[in-house]
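Computed over heavy atoms, backbone and side chain alike; hydrogens, waters and symmetry mates excluded.
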There are 2 protein chains.
Amino acid sequence: MSTKTRGSKAPGGPAAGELDLRRAAILEAVVTEYVGTATPVGSAYVARTPGVNVSSATVRSDMVALERDGYLVQPHTSAGRIPTDKGYRFFVDHLAPAGVLGTPQRQRVKRFFDRVHGEMEEMLERASTLLSELTPYAAVVVSPSHGSSTVRSVQLVSLAPRLVLLVVVLSDGAVEKRTLELDEELSEEELGRLSTRLIQGLVGCDLDGAAELVPDAAGASSDFLASVGRALHEIARAEESDQVYLGGPSRLAEAFDAVETVRSVLSILEQQLVVVTLLRDVLDRGLSVAIGTEHGFEPLASCAVVVAPVSVGDNETGAVGLLGPTRMNYPQALAAAHVVSSELSERMNDAFGHHRGGDRGGH
Amino acid sequence: MSTKTRGSKAPGGPAAGELDLRRAAILEAVVTEYVGTATPVGSAYVARTPGVNVSSATVRSDMVALERDGYLVQPHTSAGRIPTDKGYRFFVDHLAPAGVLGTPQRQRVKRFFDRVHGEMEEMLERASTLLSELTPYAAVVVSPSHGSSTVRSVQLVSLAPRLVLLVVVLSDGAVEKRTLELDEELSEEELGRLSTRLIQGLVGCDLDGAAELVPDAAGASSDFLASVGRALHEIARAEESDQVYLGGPSRLAEAFDAVETVRSVLSILEQQLVVVTLLRDVLDRGLSVAIGTEHGFEPLASCAVVVAPVSVGDNETGAVGLLGPTRMNYPQALAAAHVVSSELSERMNDAFGHHRGGDRGGH
DNA sequence: AACTGGCACTTGATTCTACCGACTGCCAGT
DNA sequence: ACTGGCAGTCGGTAGAATCAAGTGCCAGTT
């Protein structure tokens with residue numbers, strides 16, 4: 001068709017990834033500037049950037065190459081360039097400076113984790129807020145799924161005549177409850193006796209197993225026990241659906257300036273299942289960033305997601321994520337997500353007595 | 001100064017509230033039309049409205065009066081009129097047609113309440129989503145505060161060596177837990193003995209009382225028991241802070257078209273305490289609607305809030321709310337909020353055995 | 001061969017003007 | 001007490017002119 005097909009001027013020379021060093025520098029300059037200003041970046045600006053010691057004309061010719069190769073686009077002729085998803089991808093893979101959190105933010109994290117008390121649910125909830133405050137993006141925290149936790153305790157507590165609360169404690173510290181309505185009235189003593197029977201029979205089973213065992217364990221069968229079994233099954237199902245915490249939704253309204261975009265992204269975040277799947281998908285593919293269409297989820301094509309796993313014990317089932325525009329400060333987001341995820345993981349492992357190194361101080 | 005000072009043409013005639021019947025009709029027409037179209041309403045449209053059988057000229061002269069009295073404003077000369085907060089207020093107090101939910105929505109509510117299972121927290125959470133789906137506004141649900149509930153059961157469950165879970169069941173069915181780390185290792189038997197002692201000693205107390213009683217109840221004192229006491233205090237505090245559930249935040253992005261407004265409203269909804277205070281305030285003043293600045297909360301001056309109480313037992317401490325622009329469909333919002341709130345109240349009373357009439361069917 | 005300065009050109013944004021249309025306020029007439 | 005008619009007021013829109021940013025290309029330099 002036209003001119004030179006292969007664009008790199010010195011294929012053998014020193015390179016960052018696939019790109020000429022200078023072109024990489026140019027791309028980097030475009031990305032960082034565009035992330036900061038949301039304005040297409042022109043060759044003149046890039047030429048002034050330290051690290052690019054050539055004239056704007058030269059930058060321009062490199063820019064056409066970068067555009068030909070799909071790293072940059074022009075919104076229209078005679079505008080500056082903006083990065084494509086591929087451009088951002090190259091940036092995070094090869095150029096992103098080691099993410100450094102500002103010291104004030106570092107402190108904020110430290111204070112947070114020094115102070116957290118209370119239970120996991122609360123910690124995760126508040127961590128999502130923390131994360132959204134460390135960055136200008138919306139945060140998502142998916143609680144580690146309870147995996148195959150076993151029953152640690154079962155108890156029946158009478159709340160009112162013919163109204164009983166079933167409380168189940170699982171080996172991972174989760175507590176679930178279900179109210180049961182009775183047909184017949186049961187005395188406190190009877191409930192107590194049933195409780196101890198159930199405990200003895202069910203401790204150590206997984207939930208579904210426990211549900212099956214109920215009649216055997218109690219040594220009798222009745223409508224009531226059947227409903228206990230049903231409740232256990234229900235709990236088992238509920239345990240599988242991971243909890244999602246959304247932090248700082250208002251950040252989305254800062255990050256996007258089209259109200260319609262805000263609406264559609266928010267409405268997606270309302271579907272918790274989608275969020276979980278999305279994050280898990282990205283993690284499963286071994287990524288920590290999904291840019292634009294990389295996650296294959298149409299409605300979020302204008303978004304980037306930064307994810308970090310939260311592992312408790314051996315399995316990485318939890319996750320923290322940041323959701324923002326593709327025009328995102330990746331180093332910052334990555335740093336924030338990693339700090340919070342690792343700190344969370346540590347906390348949750350601590351809580352289980354799987355103490356690790358023990359040096360919770362510096363690093 | 002100028003012409004007639006008293007505006008009403010026939011002060012003795014039949015009136016709706018403070019207003020001439022015709023003027024009331026005009027106001028009503030303006031409100032309903034403006035709510036629907038978000039466009040200033042002109043005299044010509046109003047004159048065509050059934051119920052107003054006068055010419056546009058007459059409507060115009062009434063409109064100047066309505067404007068003089070503060071019910072309407074013109075965004076600029078030669079535009080139609082839009083209602084003021086006072087105008088909306090008059091509308092909801094005197095003109096709002098009995099709120100009628102469309103049958104599909106009615107069905108939605110019915111199905112929802114037929115299907116809900118599981119515990120209060122989940123029900124409230126999902127109710128907030130339901131409410132936001134019944135209307136185009138964001139919904140808020142504040143859980144009834146647990147008031148002065150008493151301890152129903154206390155249990156210590158060992159999770160790992162030196163790691164114990166304290167599970168407390170309250171008389172209203174709430175279950176709270178706290179993990180405790182031990183210095184010394186305690187055997188299962190010892191924990192069991194302590195549990196039963198605690199149960200015997202603390203059942204029936206309120207939480208703070210229970211916290212004080214711990215050493216007495218257990219018949220001994222130790223670091224461990226002290227931490228149990230502390231945990232109980234913590235739980236008591238946590239119980240006081242009511243849970244807030246936010247439904248359909250994306251609806252805010254539909255309701256407002258300035259992204260900055262969306263942001264600021266969202267960021268307010270993130271502060272749960274503020275939301276609780278706001279709703280309670282409105283309810284305490286005996287209102288079910290707060291329009292614009294009526295709630296005295298500056299940042300929400302462009303919003304209206306529709307509230308309905310959720311009462312469990314005798315005290316109305318919970319609430320459901322809808323948050324939208326002052327240009328809101330009040331009849332619809334009121335109807336939706338009332339249905340959900342009363343249905344929720346009923347549910348929660350049922351769950352406590354305070355069965356009422358018993359006719360859960362039609363109505 | 002690689003780079004640079006210069007220049008013509010393209011094109012979105014901005015400003016200005018003119019104009020249209022939607023309403024109003026007023027008034028004379030019924 | 002209402003109404004029809006009419007002049008007057010503005011916002012919104014369309015079109016033309018201008019502006020400024022930034023490009024692509026090319027001839028010239030090192």
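Per the geometry, CD belonging to A:Gln74 stands 16 Å off P belonging to D:dA21, to the nearest Å. Summarising the geometry, the separation between CG on A:Leu72 and C1' on D:dG22 is reported as 14 Å, rounded to the nearest angstrom. As rounded to whole Å, 10 Å separates atom P of C:dC23 from atom CD of B:Glu33. At whole-Å resolution of the value, CZ in B:Arg23 and P in D:dA1 are 11 Å apart. B:Ile26 places its CD1 atom 15 Å from the C1' atom of C:dT24, with the value rounded to the nearest Å. Spacing between atom CZ of A:Arg81 and atom C1' of D:dG22 amounts to 9 Å, rounded to whole angstrom units. Rounded to an integer number of Å, the gap from B:Glu67 CD to C:dC23 P is 15 Å. In this structure, NE2 of A:His76 is placed 13 Å from P of D:dA21, rounded to the nearest angstrom.
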Steps toward side-chain contact (heavy atoms from CB on, under 4.5 Å) verdict (B:Cys303, B:Phe256): CA-CA 9 Å; B:Cys303 299; B:Phe256 298 97; 3.5 Å; yes
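Across all non-hydrogen atoms, the minimal contact from B:Arg251 to B:Ser132 is NH1-O, 3.0 Å. The two atoms that bring B:His295 and B:Arg285 nearest to each other are CA-NH1, 3.9 Å, heavy atoms only. Residue A:Tyr34 comes nearest to A:Thr39 through the heavy atom pair CD1-O, 3.2 Å, listed as atom of the first residue, atom of the second, then distance.
A heavy-atom distance below 4.5 Å is found between the side chains of B:Pro40 and B:Ile82.
Put simply, CG on B:Leu246 and CG on B:Leu323 are 9.0 Å apart, with the number rounded to the nearest 0.5 Å.
Contacts between residues 46-61 of chain B and DNA chain C, defined by a heavy-atom separation under 4.0 Å, are made by B:Arg60. Near DNA chain C, meaning a heavy atom under 4.0 Å away, the residues from residues 36-44 of chain B are B:Gly42, B:Ser43.
Looking only at distances, no side-chain donor or acceptor of B:Thr261 sits under 3.5 Å from a matching main-chain atom of B:Asp257. A donor-acceptor pair under 3.5 Å is formed between the side chain of B:Thr32 and the backbone N or O of B:Glu28. Put simply, the side chain of B:His338 gets close to the backbone of B:Leu334: a donor and an acceptor are under 3.5 Å apart. Formation of a donor-acceptor pair under 3.5 Å by the B:Tyr137 side chain with backbone atoms of B:Glu133 is not found in this model. When atom types are taken as modelled, the side chain of B:Glu294 and the backbone of B:Ala301 share no donor-acceptor pair closer than 3.5 angstrom.
Each end of the helix from C:dA1-D:dT30 to C:dT30-D:dA1 gets its own rotation axis from five pairs of C1' atoms, and the angle between them is 20° to the nearest 10 degrees.
For a distance-only test at 3.5 Å, the side chain of A:Ser78 qualifies as a donor-acceptor partner of the base of C:dT10.
Judged by closest nucleotide on DNA chain D, B:Thr77 is the one of B:Thr77 and A:Thr77 placed further toward the 5' end.
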